[in-house]
Amino acid sequence: MSTLTLDSILNPKPLEVARHITQDQADTVHFTDFKLSDSLKSRLTAAGFVKPTPVQAGAIPPALEGEDILATASTGTGKTLSFLVPMIERLEDISKPSTKHHKEPILALILLPTRELAMQVLENFHKVCPTTKHDAVLVCGGLSENNQIEELKRGPRVVVATPGRLEDFLRRKAIRLDEVDMLVLDEVDRMLDMGFLPAIRRIVGSLPKDRQTMCYSATLDANIREIVKEYVHKPVRVEIGSTSKPSDRVELRAYMVMQDQKLAQLDKMLAEEEGTFIVFARTKHGSDRIARKLEKLGHATEVIHGDRSQSQRSAALKRFAEGKARVLVATDVAARGIDISHIAHVVNYDLPNGSDDFVHRIGRTGRAGNKGVATTFVTPLEKNDARKLERELKIQFQWTEADKNLAKEERNQPLDLGKHEVKDIGDLLALETRSWKGEGSPAQQHGKPAAAPHRPKGKGGSGKGRPHSGPRSHGGGRGGNGHGGGSNNGRPASRRRRTH
Ligand code: AMP
């Protein structure tokens with residue numbers, strides 16, 4: 001365990017192996033301690049950012065000195081501001097030419113995996129820079145190309161992009177990146193999972209070699225480490241309290257409950273406790289079913305899963321974030337990366353597939369210094385799986401027996417397994433989910449055409465293995481467009497290394 005003092009947080013030694021920063025250490029620092037302009041300090045305070053989170057305390061000081069950063073941090077840690085703050089400080093240092101006709105070059109590029117994440121980054125940018133709306137633009141799939149091209153013509157200095165659309169624009173020469181001075185690669189692990197490595201290579205190849213690069217990944221296994229080595233030069237490694245353990249600000253409860261009493265238990269918790277709830281279900285059908293039943297019980301509920309379109313998901317998230325729905329029911333994949341602060345309660349309606357998913361789910365609450373509660377429903381048959389989570393993550397649930405008199409959900413006739421093809425427990429669970437009373441196809445009940453029956457790809461319920469969201473494309477040969485040689489050739493000294 002490192003013993004970083006305030007002085008060593010603010011004055012990092014470059015190239016130190018890794019800066020592990022805990023919440024307690026970060027608590028000793030304020031944004032006003034950083035080498036930032038007075039204007040930026042007061043805008044951060046006005047936006048409610050007073051104390052940095054650990055990843056911010058770890059990354060901002062060396063990034064302000066022009067160092068490359070390699071940080072292990074996932075959504076919810078405050079990673080966005082940890083790259084935006086040094087970026088904004090740098091941009092403010094370079095005064096904008098006043099002539100209207102002069103087109104600004106793009107100086108900063110943020111590459112990330114999804115449009116939702118891009119929109120969140122832009123939102124954070126506008127919180128800190130409310131008067132310079134046109135200085136940052138999105139270049140992402142799923143949005144109008146023409147608008148993005150028009151916005152680029154206005155000369156923004158910051159581009160927040162997903163690799164596919166950006167590569168397309170580059171090929172069509174709709175964008176130039178040859179003056180980019182700062183590159184952020186956000187959620188590298190997810191971009192690689194989604195097969196973006198070739199696009200990233202081509203994009204980074206069109207950037208000046210002599211730039212600053214900040215790289216973020218939730219995990220940093222040997223494979224990812226090998227790939228990011230191409231893009232960062234002697235980075236300062238930033239690690240925060242482990243991503244493989246739930247935050248200690250989250251109270252972990254486990255309810256022993258029968259499958260057919262879970263809904264009544266959830267209804268009871270919604271009646272007894274305050275705040276927003278995110279409820280995790282194992283299957284798409286299951287999440288539709290739970291959402292529909294909660295609605296019937298009078299709880300305003302939204303649902304997101306892989307069978308819902310992008311616009312349905314965005315609308316659901318918006319209603320939840322705006323407080324129009326108190327409950328969001330989600331599957332693991334759909335919930336990855338969503339950034340909604342102040343979720344009071346996470347409910348694992350179904351056990352997660354393993355400790356990774358458990359940590360991701362729990363990470364939706366207890367963010368940015370807030371407290372949270374996470375409740376896991378455990379049926380008698382799943383007790384060993386839950387105990388395994390405790391052992392693997394070195395956590396301790398507060399165990400409670402659910403009230404035996406809770407209302408039971410009624411079921412249709414028993415399943416006739418002979419009529420269905422059941423190859424594994426995943427198939428069985430999918431059938432189980434559809435056998436609850438009142439269930440036709442969930443999509444039909446929403447007035448939409450029926451979705452194809454769900455066939456989980458993984459080994460549902462065994463606690464092992466989890467399907468990937470896309471092809472893992474890393475591990476191939478190395479492209480050659482990373483930093484060259486480590487010198488600052490060609491980079492104006494004022495940009496690369498700040499002197500105060
Ligand atoms: P991120 O991990 O960057 O997605 O941030 C998660 C949430 O924490 C966002 O809603 C941020 O606005 C919020 N946040 C980030 N940094 C701070 C901070 N230093 N103090 C309070 N809230 C923060």
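Throughout, residue positions are numbered sequentially from 1 according to the sequence presented. Values in this document were obtained by computation on a predicted structure and should not be read as measured data. Remember, it's 1-based here, ligands and their atoms both numbered in the order they're listed.
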* Asked: Does the salt bridge (Lys or Arg N to Asp or Glu O under 4.0 Å) test come out yes or no for Glu230 and Arg201, once each step is laid out?
  -> CA-CA 9 Å; Glu230 297 171 25; Arg201 285 203 164 120; 3.1 Å; yes
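- For the residue pair Ala325 and Phe320, the shortest heavy atom distance occurs at O-CD1, 3.3 Å.
- Of all atoms in ligand 1, listed by their number and element, those nearer than 4.0 Å to a heavy atom of Lys51 are 18 (C), 19 (N), 20 (N).
- Across the listed options Gly78, Ala57, Pro52, Gly78 owns the non-hydrogen atom lying nearest to atom 5 (O) of ligand 1.
- Using 4.0 Å as the threshold, Lys127 has a heavy atom nearer than that to some atom of ligand 1.
- For the pair Phe31 and ligand 1, the shortest N or O to N or O distance does not fall below 3.5 Å.
- Taking a cut-off of under 4.0 Å to the non-hydrogen atoms of Thr77, the atoms of ligand 1 that pass are 2 (O).
- For the side-chain hydrogen bond (donor to acceptor under 3.5 Å, both in side chains) test, no residue two or more places apart in sequence or in another chain qualifies with Thr301.
- Under a 4.0 Å criterion applied to the non-hydrogen atoms of Thr80, ligand 1 contributes the atoms 1 (P), 3 (O), 4 (O).
- Shown in contact with Phe49 at under 4.0 Å from a heavy atom are these atoms of ligand 1, numbered in order with element: 12 (O), 14 (N), 17 (C), 18 (C), 20 (N), 21 (C), 22 (N), 23 (C).
- The CG atom of Leu138 lies 10.0 Å from the CG atom of Leu152; values are rounded to the nearest 0.5 Å.
- With sequence neighbours excluded, no residue forms a salt bridge (charged side-chain N to carboxylate O under 4.0 Å, His left out) with Glu274.
- Atoms of ligand 1 lying under 4.0 Å from at least one heavy atom of Asn124, given by number and element, are 12 (O).
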* **Trace of the side-chain hydrogen bond (donor to acceptor under 3.5 Å, both in side chains) decision for Ser217 with Arg225** => CA-CA 10 Å; Ser217 188; Arg225 208 184 291 256; over 6 Å; no
